[in-house]
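The structure under discussion appears below in the form of structure tokens.
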Amino acid sequence: MEKSRPFRPGPVDTVWLTLASLAFVGLDITLYVFGEPTTGWAGPAAGVTLQVLLDLSLILLFRYPRLVAGLITVGGLLMLASDLFSPGLLVPERQLTLMTVPTITPVVLSQLARLIDRRTLLWLTAILVACAARPWDAHWNTTPFGLLGTALPTTLSLYFEARRQLLRSLRDRAERAEREQHLLAERARAEERRKLAEEMHDVVTHRLSLMVLHAGALGVVSADEAVRTSAEDIRREGALALDELRDLVGVLRNGADAEPRPLTDGTAGDPATLVAESASVGIPTELTVRGDPGRISPTVARTAYRVVQEALTNIRKHAPGSTATVGLRYHAGGLDVTVENTRAGAAPDPALAGSGSGAGLAGLRQRVELIGGRFEAGPGASGGYRVDAILPAYVPTTEGDA
């Protein structure tokens, strides 16, 4: 059985103990008033004084359980010694109750099962049972009632505590099984996504490879310089698309031992080209680069390129007449990308603003998070829009030999 959790009493428990303590104080005073006083050298109120002090100690039970248990045990031993060696000193010779231990004993024993360890509780119970039942001098009016006031509360408290622990254990196991079921479902979905990605990789790679081959052949056989230039552009973009597709599928496979693979043409796309294109269509754009670009892997470089590309495309669509800044900060931990524009200086072209799927930023977020980065987009301080991406330096893939 699992280890019992520590009991932490609340305000209701404290109030309940206080009321129980005052109730037993009233009971013992009533028994003293209507019963026989003690007759020993300590005076007629010696017995009720001891009982009241022990009753008041009940208030401290949840805070100091071992102290209260020790006081109750000492009280029981004193009452036993009084009865054996000095009758009438602490226990009246003719008492109204049949309990020969402190009257608060059943309440204390009923609570100790969740406050102290079981071995200590059983030792305390054994001492109090001996004090109350007095097996060496058994009588019908003391022994049975002594057992009911000591052994029975401990037995019931141990039973209910074991039952609470069992129910808690079953509930924890059910919750754990539910979490494991959820993880298995997530794993199955991830495996299915991986399979779909691999199928997509096979299909798209086949078509792109044909396109690259046809473009290369066209560039070789054509006599027109413009056709050869366009064919080379198609071939280069197709090769980049193949490289990117292989790396994305590699990230989905989550291979931890693969080495980063250089691109086919040695470049991941230069953000400076995007900045120049943006400036050429009427969006003055400033590029700031800090750090060494050689610190990051090609997959991260391509992701950064796509972030800048999508952000500048959105600026051209939705904020004509604005100015933009692109910041790239390379450091040991990776790459920080920032693209921000000022407020639009003219109304957007409805046809241009309405083009696209509307899922560009959502796709960027997924792409950045896929390689372990963070993505944020929202209004900027200058009244325009700001896109921030924090990318890691290296993302392992399994496509090194593809």
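The CD atom of Glu340 lies 11.5 Å from the OH atom of Tyr385; values are rounded to the nearest 0.5 Å. Note that CD of Gln309 is 8.0 Å distant from CD of Glu277, once rounded to the nearest 0.5 Å. The CG atom of Leu60 sits 8.5 Å away from the CZ atom of Arg63 when rounded to the nearest 0.5 Å. Rounding to the nearest 0.5 Å places CZ of Arg228 at 11.0 Å from CD of Glu232. Thr150 contributes atom OG1, which lies 12.0 Å from atom CG of Leu124 (distance to the nearest 0.5 angstrom). To the nearest 0.5 Å, the span separating CG on Leu184 from CZ on Arg189 amounts to 10.5 Å.
With a 6.0 Å radius and a threshold of 12 heavy atoms from other residues, nucleotides or ligands, Arg374 has its CZ atom at or below the threshold. Within a 6.0 Å sphere centred on CD of Glu178, other residues, nucleotides and ligands contribute 12 heavy atoms or fewer. In Gln181, the CD atom is not crowded: 12 or fewer heavy atoms of neighbouring residues, nucleotides or ligands sit closer than 6.0 Å. Counting non-hydrogen atoms of neighbouring residues, nucleotides and ligands closer than 6.0 angstrom, the CD atom of Glu376 reaches no more than 12 such neighbours.
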Item to complete: Could you go through the side-chain contact (heavy atoms from CB on, under 4.5 Å) check for Leu312 and Ile283 one step at a time?
Response: CA-CA 9 Å; Leu312 292 179; Ile283 304 292; 5.9 Å; no
Worksheet item: Taking it one step at a time, do Asp388 and Thr338 satisfy side-chain hydrogen bond (donor to acceptor under 3.5 Å, both in side chains)?
Response: CA-CA 5 Å; Asp388 290 296; Thr338 301; 3.0 Å; yes
Discussion item. Determine whether Asp117 and Thr120 satisfy the following criterion, side-chain hydrogen bond (donor to acceptor under 3.5 Å, both in side chains), listing intermediate values before the conclusion.
Written reply: CA-CA 6 Å; Asp117 61 280; Thr120 304; 2.9 Å; yes
Practice prompt. Start with the C-alpha distance between Tyr305 and Leu274, add both sets of side-chain angles, then the distance that settles side-chain contact (heavy atoms from CB on, under 4.5 Å), and finish with yes or no.
Written response: CA-CA 9 Å; Tyr305 181 85; Leu274 299 175; 3.5 Å; yes
Worksheet item: Yes or no on side-chain contact (heavy atoms from CB on, under 4.5 Å) for Val52 and Phe24, after CA distance, side-chain angles and deciding distance?
Response: CA-CA 8 Å; Val52 168; Phe24 273 92; over 6 Å; no
Discussion item. Let's go through Val289 and Tyr330 carefully: what are the C-alpha distance in whole Å and the side-chain angles of both, what is the deciding distance for side-chain contact (heavy atoms from CB on, under 4.5 Å) to 0.1 Å, and is it a yes or a no?
Written reply: CA-CA 8 Å; Val289 180; Tyr330 299 90; 3.7 Å; yes
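Between Leu58 and Leu17 the shortest heavy-atom distance is O-CD1, 3.6 Å. For Glu161 against Ala113, the heavy-atom pair with the smallest separation is CG-O, 3.9 Å. Contact record, Leu54 with Ile104: O-CG2, 4.1 Å, taken as the closest heavy-atom pair. Across all non-hydrogen atoms, the minimal contact from Ala344 to His318 is CB-O, 4.3 Å. Looking at every heavy atom in both residues, Val68 comes nearest to Ser57 through CG2-O, 3.3 Å. Listed here is the closest heavy atom pair of Leu112 and Leu61: CD2-CD1, 3.9 Å.
At a cut-off of 3.5 Å, with distance as the only test, a side-chain donor of Thr103 or Asp28 sits close to an acceptor on the other residue. Residues Arg168 and Gln165 have side chains that never bring a donor and an acceptor to within less than 3.5 angstrom of each other.
The main-chain N or O of Ala151 is never found under 3.5 Å from a side-chain atom of Thr154 such that the two would form a donor-acceptor pair. For Ser21 (side chain) and Asp55 (main-chain N/O), a donor-acceptor pair under 3.5 Å exists by modelled atom type. In this structure a side-chain-to-backbone donor-acceptor pair under 3.5 Å is missing from Ser230 to Val227.
Applying the side chain to side chain donor-acceptor pair (under 3.5 Å) test to every pair with at least one member in residues 282-294, sequence neighbours left out, gives these pairs: Ser278-Thr285.
Each of Asp336, Ile296, Leu335 was checked for a side chain to side chain contact (heavy atoms under 4.5 Å, CB included) with Leu391, and the lone residue meeting it is Leu335. No option in Leu121, Leu128, Ile127 other than Leu121 meets the side chain to side chain contact (heavy atoms under 4.5 Å, CB included) test with Thr125.
Side chains of Ser157 and Gln111 form no contact here, defined as non-hydrogen atoms less than 4.5 Å apart. No side-chain heavy atom of Glu180 sits under 4.5 Å from any side-chain heavy atom of Glu175. Taking the side chain as every heavy atom from C-beta outward, Val339 and Arg386 never approach each other to under 4.5 Å. Inter-residue side-chain proximity for Pro320 and Arg316 is flagged as unmet; no heavy-atom pair is nearer than 4.5 Å.
Thr342 is linked by a side chain to side chain contact (heavy atoms under 4.5 Å, CB included) to Ser322, Thr323, Ser382, counting only residues two or more places apart in sequence or in another chain.
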